[in-house]
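All remarks here apply to the structure that follows.
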Protein chains: 2
Amino acid sequence: MVDRLSELFGALADPTRRAILARLAEGEATVNQLAEPFPISLQAISKHLKVLERAGLITRGKEAQWRPCRLDAGPLREVADWIADYQRFWEQRYDRLGDYLHQLQRDETKPEE
Amino acid sequence: MVDRLSELFGALADPTRRAILARLAEGEATVNQLAEPFPISLQAISKHLKVLERAGLITRGKEAQWRPCRLDAGPLREVADWIADYQRFWEQRYDRLGDYLHQLQRDETKPEE
DNA sequence: GGGTTGATTAACCGAATGGTTGAGAAGGGC
DNA sequence: GCCCTTCTCAACCATTCGGTTAATCAACCC
């Protein structure tokens with residue numbers, strides 16, 4: 001996993017990590033809070049967080065013995081940019097792209113896994 | 001890699017595979033044509049193609065002894081949908097989303113790795 | 001049929017992944 | 001100081017991944 005985009009796609013290629021991002025979209029959370037919904041060990045979550053951190057998708061603070069995580073969606077823009085190059089291949093008319101995304105935006109769906 | 005989205009992200013998490021998609025965005029190609037730019041064996045390319053096919057990102061035909069590959073960007077829409085849920089986190093104003101993507105569209109950049 | 005070209009399959013290899021358990025660091029609360 | 005909580009680090013394990021080489025299949029050409 002040498003390049004930026006591969007690191008990003010790789011970080012997103014795991015349902016647990018995407019679920020963590022979805023949780024963080026609702027606000028900051030500690031490692032224990034993030035781990036709570038999952039049937040795996042805290043240490044495994046810790047590893048997932050390290051992957052997300054390396055990809056720049058989260059940032060971690062330090063508050064007493066807690067390590068609060070925050071979502072950083074910035075890098076997702078790089079992914080969106082890459083995908084945008086292919087939109088004309090799934091949209092019948094190139095200029096319908098805007099409409100499509102405007103509609104998505106109107107739906108105002110909350111991020112979730 | 002059990003779920004659809006993980007399969008898609010996983011397929012995209014490799015520079016060789018993304019380069020193959022970029023090449024196919026220019027039109028159909030045989031396995032040998034796809035393999036030509038890369039310093040790796042034909043068999044390795046064959047494996048990458050199988051991954052892309054399982055993810056539904058390419059389809060393969062059969063013409064005499066050639067196995068022409070075609071891009072199928074459809075599944076990328078699922079990825080775009082997932083990402084769209086996070087756009088408000090990197091866009092200052094939610095309703096600027098359309099503008100941003102309209103601009104991308106105006107740039108009309110060709111897909112490339 | 002025999003040879004060549006295009007592509008896949010199979011077996012193998014080293015490194016990375018996703019998980020585990022166990023130990024330990026760091027920071028309150030008392 | 002002592003204990004408890006939170007979290008990370010280290011070692012290990014099984015599986016997957018990305019690559020290799022060798023063998024094989026399938027279709028064409030002569």
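Just so we're on the same page: letters track the sequence lines, and every chain starts at 1.
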Angle between ring planes, B/Phe9 versus B/Trp82, binned at 30° and 60°: parallel, tilted or perpendicular?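 Perpendicular, since the angle between the ring planes exceeds 60°.
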Side-chain N or O of [X] closer than 4.0 Å to phosphate OP1/OP2 of [N]:
| X | N | value |
| --- | --- | --- |
| A/Asn32 | D/dT5 | no |
| B/Thr30 | C/dG6 | no |
| B/Arg60 | C/dA7 | no |

Between the first and last five pairs of the helix from C/dG1-D/dC30 to C/dC30-D/dG1, the angle of the axes, rounded to 10 degrees: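 Terminal axis comparison yields 10°.
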Is B/Leu42 touching bases, backbone alone, or none of the nucleic acid, heavy atoms closer than 4.0 Å?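 Answer is base: heavy atoms of B/Leu42 come under 4.0 Å of a base.
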Out of C/dG19, D/dT21, D/dT8, whichever nucleotide has its closest atom nearest the side chain of B/Ser41: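 Ranking C/dG19, D/dT21, D/dT8 by closest atom to the B/Ser41 side chain puts D/dT21 first.
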Given C/dG18, D/dT8, C/dA7, the nucleotide with the shortest approach to the side chain of A/His48: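 Taking heavy atoms from C-beta onward, the closest nucleotide is C/dG18.
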Polar-atom pairs under 3.5 Å, protein N or O versus N or O of nucleotides 22-25 of chain D: list them with distances, or write none.
{"residue": "D/dA22", "atom": "N6", "partner": "B/Gln43", "partner atom": "NE2", "Å": "2.5"}

Can you sort out the partners of B/Glu28 under side-chain hydrogen bond (donor to acceptor under 3.5 Å, both in side chains), two or more places apart, ordered by chain and number?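 Checked B/Glu28 against side-chain hydrogen bond (donor to acceptor under 3.5 Å, both in side chains); matches are B/Arg70.
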Solution key, residues 40-53 of chain A side-chain donor-acceptor pairs under 3.5 Å, sequence neighbours excluded:
{"residue": "A/Ser41", "atom": "OG", "partner": "A/Ala44", "partner atom": "N", "Å": "3.2"}
{"residue": "A/His48", "atom": "ND1", "partner": "A/Arg17", "partner atom": "NH1", "Å": "3.1"}
{"residue": "A/Glu53", "atom": "OE1", "partner": "A/Arg60", "partner atom": "NE", "Å": "3.3"}
{"residue": "A/Glu53", "atom": "OE1", "partner": "A/Arg60", "partner atom": "NH2", "Å": "2.8"}

Provide the full list of salt bridge (charged side-chain N to carboxylate O under 4.0 Å, His left out) pairs with a residue in residues 32-41 of chain B, sequence neighbours left out, each pair given once.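 Listed once each, the pairs would be none.
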Detail all sub-3.5 Å separations between protein N/O atoms and N/O atoms belonging to nucleotides 27-29 of chain C.
none

